[in-house]
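Working notes, structure below.
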Amino acid sequence: MTTLLTNIREQQPLVLNVANLVTMQRVADAINVLGASPLMTDEVAEAEELVAIADAVVLNTGTLSEARWPLFVAVGQAANRQHKPVVLDPVAVGMPYRAQFVTRLLEMITVDVIRGNAAEIGWFAGVTVAGQGIDAHETDAHVANAVNAAQQTGATIVQTGVIDVITDGQSTRQVTTNSLLLAVNVGAGDMLSGMVGAFVAVTDDYLLAGETAAQVLGQAGEQATAQGPNQPGTFVATLFDALYQMAQAEVIA
Ligand SMILES: Nc1ncnc2c1ncn2[C@@H]1O[C@H](COP(=O)(O)OP(=O)(O)O)[C@@H](O)[C@H]1O
Ligand SMILES: Cc1ncsc1CCOP(=O)(O)O
Ligand SMILES: [Mg+2]
């Protein structure tokens, strides 16, 4: 069965990232082990030419700043002009400075997919979901918030948590993998947003792309957690091994 993983391995899409400064190596590695090609940029002068060679763009506001504002706008607008899919990871968007930054950004660019935790996606739905900084403190799936956020923004939503909810505002999918080490791993969400970039680069079905990316990472997380349930350090290496092996097999169990 040809899967999107097959498409990624065959097409080797280039995923351009305006990454955060904390987890960019992890994001690059996650994109790479799938068979796609990561590229990170921090220079507004190269936005147009890099978007031209990209198959998707990922904007991560984890370490945003006024200095980086022109970069986010230039890369996002170039992607819109060149019809390249845009994924937004709105890290800790519930915080006031970040909220106004993302509000301004969405007045300047169109995003196709938003990948965030329940607290971050809740913000787009106008709902406060318990969280602190980069994390969401919830056990509920918050399906309604994800649907509302999709309808408010026009983007496909990939809301991660104890249950991942993927929706375009009309159809809703759920991914119910359970990997606690993934949940506590700093960067797992950023990695997933980068992976979503690789998947939307090879299909126009962003609902399927988001669902597949969440399924692949969730399953790899379960495999890695099983190999070392109390070893968050080893977990990261094992997670990349599992992602690579799944991509090589082009099969999602
Ligand atoms: N409570 C949880 N139980 C199991 N998996 C989780 C839980 N919370 C998040 N995950 C998984 O961890 C990964 C990162 O999601 P999340 O932590 O929500 O993003 P972020 O790191 O941006 O906050 C996703 O694959 C998600 O399915
Ligand atoms: C700790 C931190 N601070 C700014 S970005 C970042 C990483 C967030 O990673 P994730 O959203 O995947 O948990
Ligand atoms: Mg995050």
Side-chain angles (χ1 to χ4, degrees), residues 17-31 33-34 40 42 58-65 68 72 87-95 97-99 101-102 113-124 129-143 145-146 149 157-167 173-199 209-226 229 232 235-236 238-240 242-243 246 252:
N17 297 261
V18 178
N20 70 56
L21 306 180
V22 175
T23 62
M24 68 169 70
Q25 177 72 61
R26 292 265 180 87
V27 173
D29 287 340
I31 292 167
V33 294
L34 290 180
M40 279 48 184
D42 219 33
V58 182
L59 305 177
N60 184 304
T61 60
T63 49
L64 73 179
S65 67
R68 297 183 90 205
F72 281 95
V87 178
L88 174 68
D89 185 329
V91 180
V93 69
M95 297 306 293
Y97 174 76
R98 288 159 183 257
F101 189 103
V102 169
V113 181
I114 301 173
R115 200 295 313 170
N117 62 43
E120 292 157 350
I121 299 304
W123 178 84
F124 290 93
V129 171
Q132 176 182 314
I134 65 169
D135 293 321
H137 300 157
E138 281 294 317
T139 56
D140 184 278
H142 293 292
V143 175
N145 289 351
I157 298 296
V158 180
Q159 177 183 270
T160 48
V162 62
I163 295 173
D164 295 340
V165 179
I166 303 94
T167 181
R173 314 270 173 81
Q174 297 193 8
V175 170
T176 57
T177 55
N178 185 19
S179 159
L180 286 183
L181 285 183
L182 206 51
V184 300
N185 176 269
V186 171
D190 295 337
M191 287 168 58
L192 179 55
S193 298
M195 292 167 63
V196 171
F199 282 96
E211 178 188 26
T212 307
Q215 186 71 34
V216 167
L217 182 62
Q219 284 195 15
E222 286 181 333
Q223 289 173 33
T225 301
F235 169 78
V236 175
T238 313
L239 179 68
F240 281 117
L243 283 172
M246 207 182 295
I252 304 162

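Just so you know, ligand 1 is whichever comes first in the structure, and atom 1 is the first atom listed for that ligand. Quick note: residue numbers are just sequence positions, from 1.
Neither the backbone nor the side chain of Ala118 has a heavy atom within less than 4.0 Å of ligand 1. At a 4.0 Å heavy-atom cut-off, ligand 1 does not touch Gln219 at all. The backbone and the side chain of Thr160 each have at least one atom closer than 4.0 Å to an atom of ligand 1 (non-hydrogen atoms only). Contacts between Ala92 and ligand 2 below 4.0 angstrom, taking non-hydrogen atoms only, are absent altogether. Contacts between Leu217 and ligand 1, counted as non-hydrogen atom pairs separated by less than 4.0 Å, involve the side chain only.
Arg115 contributes no side-chain N or O that, together with a main-chain N or O of Gly210, makes up a donor-acceptor pair within less than 3.5 Å. Of the possible donor and acceptor atoms, one in the side chain of Arg68 sits under 3.5 Å from a partner among the backbone N and O of Thr63. Although no hydrogens or angles enter the test, the distance criterion places a donor-acceptor pair under 3.5 Å between the side chain of Ser179 and the main chain of Leu182. Panel note: side chain Glu120, backbone Ala92; a donor-acceptor pair is recorded below 3.5 Å.
How far CD1 of Ile157 is from CG of Asp164: 13.0 Å, rounded to the nearest 0.5 Å. Separation of atoms CZ (Arg26) and CG (Asp29) is listed at 9.0 Å; rounding is to 0.5 Å. Within the model, atoms CD1 of Ile163 and OG1 of Thr176 stand 6.5 Å from one another, a figure rounded to the nearest 0.5 Å. Between the CE atom in Met195 and the CG atom in Leu217 there is a gap of 5.0 Å [rounded to 0.5 Å]. Distance CD/Gln159 to CD1/Ile114: 11.5 Å, rounded to 0.5 Å.
A side-chain hydrogen bond (donor to acceptor under 3.5 Å, both in side chains) with Asn20 is found for one member of Asp190, Thr61, Asp89 and no other, namely Asp190. A side chain to side chain contact (heavy atoms under 4.5 Å, CB included) with Pro90 is found for exactly one of Phe101, Trp123, Phe124, namely Phe124.
Taking distance alone, with nitrogen or oxygen atoms compared against 3.5 Å, Thr177 stays at or beyond that limit from ligand 1. Taking distance alone, with nitrogen or oxygen atoms compared against 3.5 Å, Asp164 approaches ligand 1 more closely than that limit. Residue-to-ligand polar distances place Asn117 within reach of ligand 1: an N/O pair is separated by less than 3.5 Å. The shortest N or O to N or O distance between Val186 and ligand 2 is not under 3.5 Å. Taking distance alone, with nitrogen or oxygen atoms compared against 3.5 Å, Thr23 stays at or beyond that limit from ligand 2.
Looking only at protein heavy atoms, the nearest one to atom 3 (N) of ligand 2 is Val22 CG2, 3.9 Å. Remark: minimum distance from atom 1 (C) of ligand 2 to any protein heavy atom is reached at Ile134 CD1, 3.8 Å. Of all protein heavy atoms, the one lying nearest to atom 9 (O) of ligand 2 is Asp190 OD2, 2.8 Å.
Below 4.0 Å from some heavy atom of Gly189 lie the following atoms of ligand 1, by number and element: 14 (C), 19 (O), 20 (P), 21 (O), 22 (O). Under a 4.0 Å criterion applied to the non-hydrogen atoms of Asn20, ligand 2 contributes the atoms 5 (S). Set against the non-hydrogen atoms of Gly187, the atoms of ligand 2 under 4.0 Å away are 9 (O), 10 (P), 12 (O), 13 (O). If you number the atoms of ligand 2 from 1 as listed, the ones under 4.0 Å from a heavy atom of Gly189 come out as 12 (O). Near Ser179, the atoms of ligand 1 lying under 4.0 angstrom from a non-hydrogen atom of the residue are 4 (C), 5 (N). Every atom of ligand 1 is numbered from 1 in the order shown, and the set under 4.0 Å from a heavy atom of Asn178 is 3 (N), 4 (C). Within the listing of ligand 2, atoms 4 (C), 5 (S) sit less than 4.0 angstrom from a heavy atom of Gly62.
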Begin with the C-alpha distance, continue with both residues' side-chain angles, and end with the deciding distance and a verdict on side chain to side chain contact (heavy atoms under 4.5 Å, CB included) for Leu239 and Asn185. CA-CA 11 Å; Leu239 179 68; Asn185 176 269; 5.6 Å; no
Please test Val27 against Asn60 for side chain to side chain contact (heavy atoms under 4.5 Å, CB included), starting from the C-alpha separation and ending with a verdict. CA-CA 10 Å; Val27 173; Asn60 184 304; 5.6 Å; no
Run the side chain to side chain contact (heavy atoms under 4.5 Å, CB included) test on Glu211 and Val175 for me, step by step, so that the C-alpha distance in whole Å, both residues' side-chain angles and the decisive distance to 0.1 Å come before the verdict. CA-CA 7 Å; Glu211 178 188 26; Val175 170; 4.1 Å; yes
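Considering Ala183, Ser193, Gly62 only, the shortest heavy-atom separation from atom 7 (C) of ligand 1 involves Ala183. The option with the heavy atom closest to atom 22 (O) of ligand 1, from among Arg115, Met195, Gln159, is Arg115.
Using a non-hydrogen distance threshold of 4.0 Å, Gly218 does not register as a contact of ligand 1.
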